[in-house]
A.B. asks: 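Sending over a structure as structure tokens; questions will come in a sec.
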Amino acid sequence: MEQRILAGRYRLEQPLGGTMGEVHLATDVELERKVVVKLLGTDADPQRFEREARAAASLAHPNIVQLFEYGDVDGRPYMVFEYLPGGSLEDRLAAGDPLPDKETERIAHDVAAGLAHAHAHGLVHRDLKPANVLFDEEGHAKITDFGIARLGGAGTLTEAGTVLGTAASISPEQAAGEQATPASDVYSFGVILFRMLTGRPPFVAADAMALVEQHRNEPPPSVTEFREDAPARLESLTAAALAKDPHDRPPDGAALAAELRGGAGEETTVLPAAAAAVSARAHRRFPVTLAAGLLALLALAGIGFAVALTRSTSSPATPTMASATQRHTTGTHATTAPVSVTQTSTQATTTRRSTTGAATAAPVVTTLTAITVTTQPPPTTTAPPPTTTAPPPPPPPSG
């Protein structure tokens, strides 16, 4: 194959395909490193090409593919990106099998972090899919292809009512021709997570339009319908991300990242209440909360039993102590008789989401208090013996 030098610097070595023009594996002869060069095709949309360049240039994050250069040669625009030798997520899912759970969680963390950065900079990807998730040589996932991304404050490539995106992962609002928001990327994230967990997408259809209609109108299946042993926390997050109403989903990439961080090492995490309508297994999302409630009930029952036992064994000679009562208000103990209090605390920590859907950074701590009450007997007092006065002796008889 004849090699050519682009812009006097990039030696094009191997074609990699591409939908908007030519994509080549190349070598930067000045820095002696592998890069990917994308050239605008003769029939491609130059506005979309420029939009991708501007979007990529506005972002700098470990989980987003880095743009090195944007230029023009003989009236033909080109972009130079970092080279990622690890292939795409689509490659890893091609066999139709679920990924290992640890790998799924690691990829989910990376993609959520990349989305959080993009959303924080006012950018909505609008076409998140496995083919647009690439891996570097260390296995880190990075989001690429912002060709149809919407920049905050900028005009869109299409008018309202136009469906824009990939049928397999398009959000219901995009399928209806409505404007995409960060929550639209969250839905596409849910599609990807569903596929990583089960090996298949949530919806399957013979043609693209039928698939779009399913995303728009049909409730998504549960992960557990295809894999009963899926991690409950990831299953719950998938259900929340696939909610039909954007307001019922985690609102953006930052919320996804917070959910994943907050659930590290736990069985599940608390998601928006509206996600319960998406999954019939809402009880699986709240085991921490339920456990805390059960422990609280057990603690209260223990207090009642201790007090009742104390009453039943009190001496009849101390009725005041037998009727001793205890009041516990906001950590203050008040008693009508002397008591010795031993207090131990157990903390159950869970992640809380605010009513607006944003994850709170601070954990909610539920404190369960067990109280042991020991009554002290009243001091014993010995009354002095009663004193009696003898009558005076009778007078002597008179002579």
Side-chain angles (χ1 to χ4, degrees), residues 104-105 107-120 122-129 133 143 149-150 152 164-166 168-198 201-203 212 214-224 230-263 268-282 284-286 351-360:
T104 293
E105 186 161 2
I107 294 171
H109 273 278
D110 288 348
V111 175
L115 283 178
H117 181 77
H119 294 162
L123 191 146
V124 179
H125 191 286
R126 299 202 293 183
D127 195 24
L128 186 66
K129 57 187 177 182
V133 177
I143 303 172
R150 181 178 64 82
L164 189 62
T166 300
S169 57
I170 194 169
S171 68
E173 58 271 21
Q174 288 174 273
E178 300 172 5
Q179 179 173 297
T181 68
S184 305
D185 286 344
V186 169
Y187 183 91
S188 298
F189 173 92
V191 173
I192 292 175
L193 187 54
F194 188 102
R195 191 171 171 190
M196 288 194 292
L197 289 170
T198 66
F203 298 111
V212 168
Q214 287 180 327
H215 280 290
R216 180 178 178 181
N217 298 315
E218 294 188 16
S222 167
V223 167
T224 55
R233 180 167 55 85
L234 295 180
E235 183 271 336
S236 183
L237 180 58
T238 304
L242 290 177
K244 291 299 181 188
D245 189 337
H247 298 93
D248 292 341
R249 304 173 202 148
D252 53 23
L256 290 173
E259 294 287 0
L260 289 165
R261 285 195 305 270
T268 191
T269 185
V270 179
L271 296 169
V278 182
S279 173
R281 288 150 308 284
R284 297 180 60 188
R285 303 177 196 168
F286 303 99
T351 303
R352 180 183 63 184
R353 173 170 298 281
S354 69
T355 55
T356 59
T360 57

A.B. asks: What are the two closest non-hydrogen atoms of E218 and F203, and how far apart are they?
C.D. replies: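 Distance-wise, the nearest heavy atoms are O-CZ, 3.4 Å.
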A.B. asks: Would you compute the distance between atom CG of D127 and atom OG of S169 and round it to the nearest 0.5 angstrom?
C.D. replies: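 Spacing of CG (D127) from OG (S169) equals 6.0 Å.
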A.B. asks: To the nearest 0.5 Å, tell me how far T198 OG1 sits from L193 CG.
C.D. replies: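 If I round to the nearest 0.5 Å, the distance is 9.5 Å.
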A.B. asks: When rounded to the nearest 0.5 angstrom, what is the spacing between CD in E178 and CZ in R216?
C.D. replies: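 Interatomic distance, E178 CD to R216 CZ, rounded to 0.5 Å: 7.5 Å.
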A.B. asks: I'd like to know if the side chain of D252 reaches the main chain of P182, judged simply by a donor and an acceptor atom lying under 3.5 Å from each other, with no hydrogens or angles considered.
C.D. replies: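 No, D252 side chain to P182 backbone: no donor-acceptor pair under 3.5 Å.
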A.B. asks: What closest approach, in Å, do D185 and R126 show between heavy atoms, and which atom pair accounts for it?
C.D. replies: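 Smallest interatomic distance, heavy atoms only, reads OD1-N, 3.0 Å.
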A.B. asks: To the nearest 0.5 Å, what is the distance between CG (L197) and OG1 (T104)?
C.D. replies: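 The distance works out to 5.5 Å.
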A.B. asks: How close do A241 and V186 get, heavy atom to heavy atom, and via which atoms?
C.D. replies: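 The pair with the smallest heavy-atom distance is CB-O, 3.6 Å.
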A.B. asks: If we only count heavy atoms from C-beta on, is the L260 to R233 side-chain gap below 4.5 Å?
C.D. replies: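 Yes, close enough: below the 4.5 Å cut-off.
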A.B. asks: Measuring only between side-chain heavy atoms, which start at C-beta, is L128 closer than 4.5 Å to V111?
C.D. replies: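 With C-beta onward as the side chain, the pair touches.
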A.B. asks: Can you measure from CE (M196) to CG (L234) and round to the nearest 0.5 angstrom?
C.D. replies: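 Reported value, rounded in 0.5 Å steps: 8.5 Å.
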A.B. asks: Assess whether side-chain contact (heavy atoms from CB on, under 4.5 Å) is satisfied between V191 and H215, documenting all intermediate values.
C.D. replies: CA-CA 10 Å; V191 173; H215 280 290; 4.0 Å; yes
A.B. asks: Indicate yes or no for a side-chain donor-acceptor contact from S171 to the backbone of Q174 under 3.5 Å, with no hydrogens or angles considered.
C.D. replies: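 Yes, because the side chain of S171 sits within donor-acceptor range (under 3.5 Å) of the backbone of Q174.
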A.B. asks: Please give me the minimum heavy-atom distance between A116 and G253, naming the atom from each residue.
C.D. replies: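 Minimum heavy-atom contact is CB-C, 3.6 Å.
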A.B. asks: Which pair of non-hydrogen atoms, one from L242 and one from P220, has the smallest distance, and what is that distance?
C.D. replies: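 Heavy atoms of L242 and P220 come nearest at O-CG, 3.7 Å.
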A.B. asks: Are S222 and E235 close enough, and set up right, to give a side-chain contact (heavy atoms from CB on, under 4.5 Å), and what steps lead you there?
C.D. replies: CA-CA 8 Å; S222 167; E235 183 271 336; 3.4 Å; yes
A.B. asks: Is it the case that the side chain of S236 and the backbone of A232 share a donor-acceptor pair, with hydrogens and angles ignored and the cut-off at 3.5 Å?
C.D. replies: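 Between the backbone of A232 and the side chain of S236 there is no qualifying donor-acceptor contact (under 3.5 Å).
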A.B. asks: Calculate, to the nearest 0.5 Å, the distance between atoms NE2 and OG1 belonging to H119 and T181 respectively.
C.D. replies: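 Going from NE2 on H119 over to OG1 on T181, the span is 8.0 Å.
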A.B. asks: Nearest heavy-atom pair of P172 and R249: which atoms, and what distance?
C.D. replies: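 The pair with the smallest heavy-atom distance is CD-NH2, 3.4 Å.
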A.B. asks: I'd like to know if the side chain of T166 reaches the main chain of A168, judged simply by a donor and an acceptor atom lying under 3.5 Å from each other, with no hydrogens or angles considered.
C.D. replies: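 No: the side chain of T166 does not pair with the backbone of A168.
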